[in-house]
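Only one structure is covered here, and it is reproduced in the block below.
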2 protein chains.
Amino acid sequence: MKNKNIDIYKIAELAGVSKSTVSRVINDKAGVKASTREKVAQVIKDLNYKPNSSAKGLASKKTHTIGLVISDITDPFFAMFVKGAEKKAMEANYNMMLANSHWVVEEELKCIQMFEEGRVDGILMISGGSEEKLDNYLDNLASNNLDIVVVDRKIKNENIPKLNSDNFDAGYRATKYLIDLGHTKIAHIKGEDIASSHASRDRVAGYEKALSEAGIKEKIIYPGFFARKKAYQVTKKLITEHSEVTAIFYSSDMMAIGGLKALKNMGLRVPEDISIIGIDGIEMSALMDPPITTLSQPAFEMGYQGMEKLINKLENEINNSHSEDLIFQMELIERASTKKLN
Amino acid sequence: MKNKNIDIYKIAELAGVSKSTVSRVINDKAGVKASTREKVAQVIKDLNYKPNSSAKGLASKKTHTIGLVISDITDPFFAMFVKGAEKKAMEANYNMMLANSHWVVEEELKCIQMFEEGRVDGILMISGGSEEKLDNYLDNLASNNLDIVVVDRKIKNENIPKLNSDNFDAGYRATKYLIDLGHTKIAHIKGEDIASSHASRDRVAGYEKALSEAGIKEKIIYPGFFARKKAYQVTKKLITEHSEVTAIFYSSDMMAIGGLKALKNMGLRVPEDISIIGIDGIEMSALMDPPITTLSQPAFEMGYQGMEKLINKLENEINNSHSEDLIFQMELIERASTKKLN
DNA sequence: TTAGTTTTTGGGATCGCTCCCGGCTATTAA
DNA sequence: TTAATAGCCGGGAGCGATCCCAAAAACTAA
């Protein structure tokens, strides 16, 4: 029933060489006569031999596998990030293990622990939880032989490479864009209120900077918790409390989508009566009616480069410490949800 | 720098027992005195010892890992499927490796080959390619010691468990729903035209059955290739060629979204002038204006049960052959894109 | 032709675990 | 008291690769 156990010894036997030589050709190592190499390669091909990865892992202490810790794979941003990470992994001939952490640090740590069983050479994680807790844990981890790259969290440990979007800049530019359109009554629906999200904080700071630069005194900030439904509710509240507002900057596209629905519900036209802008650049925001103007995060690119950074770190044990962190700029995508104020 | 190599021997030493006993408590095997078990467990905990998974894999020939082959993780249906699969995997204490196949069989096969290096105990795949090619390949694979479960393809091999949505029924019910609403001029935008998609074919057949049952002679079928933009174009074509149509059944939500945009563009109101219905139940379809009526595939459930089936097959080597295939019914979600014909 | 090099090749130890089997210790029965 | 049985535990032989080191082969130069 089962396939005859074909291992490196069998290949060696059939090719008339020793296992060492077979190992050399498998791993493309020097020191094998071309003719021998060819002969062995042929046998390997004929028998469709695949070296056992557990044995390889045991002997070499490398699994050629990367662990991905993601909050929620159904989130379009994360999915695109994973797709980018996978591309680089494939190119570098690495495998990927996936673990969902459902936005809670404890689960993230559990995922990491799972990976600590020597299953992976390194971890790429987008954290969604509190930075402090993460910080503590990662300090311990760093003393292990697991390399890690963290996305979207500003942790303190200097030995851990970080990837972040330039959230301050994004907040600034989104707001500036609305100001340049002539708006002065600009509200902001921010993400979370808790300390765990520096992304939200930085975007708020960017918003404030743009306003103050333009000499606009009134800040109108409501929390939307990065949730569509929450944004829907809070938008209604915002409009009833601040009917003077002519533009809203949402800290995410999903919130903008919720907001758009609320606005329509209240009989407001977008963008004629009110302009809205989001952040993320998810496909969905382009499909809305009207399509929503947004600052797009290069999710694919972030995944790709995050994976690249990790693999580099893995393969050149040199200059491990103090590698430059990566910061990604967002791209403004002008669509039909924003309009010059007349 | 690196952590002192802590292995099963060290635990054994510190606990004052043999490695065999440590192994027994790690794997929860019988034959260890309660007091000994406790003592060993304590040492394991104190040292935060994690058995090396490569060594485990080598010795036991089980990796406790499942390979997932998915066409595109950024597709919301697949993402939700993966989420379901992951839930079950976690519960059963399995890990998951992810590989994207970008909708082409060759890449799917490459992914499978990658997994054949003994990295995984089994494979769960949603295929997006031609059924014949897949059939051939899987026949070979079956003779290996890799278990596999295939979603969304009707392959012939009887030993491979399959999961499918009841596409015929979905096509039938979608059409019937429109008929019950009083429509008689009902068009269908189908998926692909090529032989590779039985899903599309079955839905078309369901559409035809419903029409003929209702004594409606005229079938109006256009190909939309499961692509939003294609559906946009073809919808415009359809309307100009068949202005009498009052309802369109799209073979996917994405196509319905493209169609909706086309309809609006042409000045048609949905659902007042024309009703539309889709298939899939992706979140996006609920966020459209109007929200689109659809038949929802239980993606999460499918992932969960697919993984469950695979793990069962893995763990009970018994009754391997001829396990019942799983067929999932879709759920009609009535939203605002369909309306009684007056 | 022979010694000295450089390439190729083979063998053995090892990685960290599982699992089988035999031995030891206790407990029970006669 | 002694033998039989059951419950615990330890030791050794793999699992299938890598990698170091020494041996063999091939090549060079004198």
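Since the structure is predicted, the reported quantities are computational estimates derived from the model, not experimental observations.
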From CG of A:D7 across to P of D:dT18 the rounded distance in Å is 12 Å
- Could you tell me whether B:T36 contacts a base, only the sugar-phosphate backbone, or nothing, with contacts defined as non-hydrogen atoms closer than 4.0 Å? sugar-phosphate
Closer than 3.5 angstrom, by distance alone: can the side chain of A:K61 be matched with the main-chain N or O of A:A59 as a donor-acceptor pair? no
task = Say whether, by atom type as modelled, one donor and one acceptor occur between the side chain of A:D325 and the main chain of A:L163 under 3.5 angstrom.
result = no
Report task. May I ask you to verify if any side-chain N or O of A:S60 is less than 4.0 angstrom from the OP1 or OP2 atom of D:dT18? Result -> no
Note to self: If you go through the side-chain atoms of A:K19, does one of them form a donor-acceptor pair with the base of C:dG12 closer than 3.5 Å?
What the structure shows: yes
Of A:I311, A:N312, A:L310, the one forming a side-chain contact (heavy atoms from CB on, under 4.5 Å) with A:E308 is A:N312
Here the distance between atom P of C:dC19 and atom CG of B:D28, to the nearest Å, is 14 Å
From CG of B:L58 across to C1' of D:dG16 the rounded distance in Å is 5 Å
> Any side-chain N or O of A:T21 under 4.0 Å from OP1/OP2 of C:dG10?
Replying inline: yes
Exercise for review: Establish, from distance only, whether the side-chain atoms of A:K50 and A:N52 form a donor-acceptor pair under 3.5 Å.
Suggested key: no
Ranking C:dC17, D:dC9, C:dT9 by distance to the side chain of B:V32, first place goes to D:dC9
Open item on the list: Does a side-chain N or O of A:S53 approach OP1 or OP2 of D:dA17 to a distance below 4.0 Å, or not?
Closed with: no
A:I8 atom CD1 is separated from D:dC15 atom C1', nearest whole Å, by 13 Å
Does a donor on one side chain and an acceptor on the other come within less than 3.5 Å for B:H198 and B:D152? no
query = Under 4.0 Å between a side-chain N or O of B:Y9 and OP1 or OP2 of C:dT18?
reply = no
Rounded to whole Å, CD1 of B:I11 lies from P of C:dG16 at a distance of 13 Å
B:R24 CZ to C:dC19 C1', in whole Å, measures 9 Å
- Short side-chain N/O contact to D:dC19 OP1/OP2 from A:K29, under 4.0 Å: yes
Between CG of A:N52 and P of C:dC15 the distance, given in whole Å, is 18 Å
Are any of A:K61's side-chain N or O atoms less than 4.0 Å away from OP1 or OP2 of C:dG16? yes
Within less than 4.0 Å of OP1 or OP2 of C:dC19, is there a side-chain N or O belonging to B:S20? no
Whole-Å distance, A:I26 CD1 to D:dG16 C1', equals 10 Å
